[in-house]
Amino acid sequence: GETYDAESKLKKISLASLRAPRAGNERTGKPDEPFSAECKERLRAMTIGKSVKVNVNYEREIPMGPNATEKRQFGTISTKQKADIGEV
C-alpha cells in the first residue's frame, strides 16, 4: 500500500456502514449526540500510530450547501487485530 507520511498526502475517507452517535455542527447549532466524543476517541485509540488498510467501497455526492456538493469516499479500515474497525 501507499504510505501517508506527510500531511499533504492525507485523504478524507468516511467509514461505510457505521452506526455511531453524530458529532454536532457549530454552523447549524446542532449539538453533539450523547457519547459521540467517546466513540470518536475509541476509534482514534484503535488506529493512531498503527498501520491500517483502507478499502474504498463507494463514492457519493454529499450536499454542502444550496448549490454545492462534495464527492466523498466511503470505506472500511482494518488493522492487524481487527478486520473491520467499524464492527463491534
Side-chain angles (χ1 to χ4, degrees):
E2 193 170 339
T3 301
Y4 294 95
D5 55 0
E7 192 75 24
S8 62
K9 293 182 178 181
L10 295 179
K11 295 181 182 181
K12 183 177 182 177
I13 304 284
S14 296
L15 294 178
S17 303
L18 185 71
R19 302 288 182 254
R22 294 185 182 268
N25 185 325
E26 286 184 18
R27 285 184 301 139
T28 62
K30 194 173 201 178
D32 289 349
E33 291 181 358
F35 304 107
S36 63
E38 292 85 351
C39 289
K40 184 176 180 178
E41 175 58 24
R42 175 76 173 136
L43 177 63
R44 188 192 70 77
M46 290 173 69
T47 57
I48 196 155
K50 296 181 178 136
S51 293
V52 299
K53 182 177 180 182
V54 178
N55 291 313
V56 176
N57 301 101
Y58 58 93
E59 292 182 344
R60 183 173 290 162
E61 291 288 334
I62 304 297
M64 298 302 286
N67 298 319
T69 60
E70 172 185 283
K71 184 177 278 188
R72 190 170 298 169
Q73 294 180 321
F74 292 82
T76 55
I77 299 174
S78 58
T79 64
K80 287 183 180 180
Q81 293 81 19
K82 197 150 177 63
D84 181 357
I85 63 163
E87 292 181 356
V88 178

key: Step-by-step side chain to side chain contact (heavy atoms under 4.5 Å, CB included) determination, Leu43 to Leu15   = CA-CA 11 Å; Leu43 177 63; Leu15 294 178; 3.7 Å; yes
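- With rounding to the nearest 0.5 Å, the separation of CZ in Arg72 from CD in Glu61 is 10.5 Å.
- For CD of Glu41, the number of neighbouring non-hydrogen atoms (other residues, nucleotides, ligands) closer than 6.0 Å is greater than 12.
- With sequence neighbours excluded, no residue satisfies salt bridge (Lys or Arg N to Asp or Glu O under 4.0 Å) with Arg22.
- Smallest separation of non-hydrogen atoms from Ser36 and Pro21: CB-O, 3.6 Å.
- Note on Leu18: it clusters hydrophobically with Met46, by side-chain heavy-atom contacts below 4.5 Å among ILVMFWY residues.
- The ring-ring contact (aromatic ring centres under 6.0 Å, His included) search around Phe35 returns none, not counting sequence neighbours.
- Linking Ile, Leu, Val, Met, Phe, Trp and Tyr residues whenever their side-chain heavy atoms come within less than 4.5 Å places Tyr58 and Ile62 in a single cluster.
- Side-chain atoms of Gln73 and Glu59, non-hydrogen and from C-beta on, do get closer than 4.5 Å to each other.
- Between Lys50 atom NZ and Lys82 atom NZ the span is 12.0 Å, to the nearest 0.5 Å.
- Heavy atoms only, all atoms of each residue included: Asp84 and Ser78 are closest at N-CB, 4.4 Å.
- The side chain to side chain donor-acceptor pair (under 3.5 Å) check on Gln81 picks up nothing, with sequence neighbours excluded.
- Scanning both residues, Lys53 and Asn55, for their nearest heavy atoms gives CE-OD1, 3.6 Å.
- Looking only at side-chain heavy atoms (C-beta outward), Ile85 and Val52 stay at 4.5 Å or farther from each other.
- Open room surrounds CZ on Arg42; 12 or fewer heavy atoms of other groups in view lie less than 6.0 Å from it.
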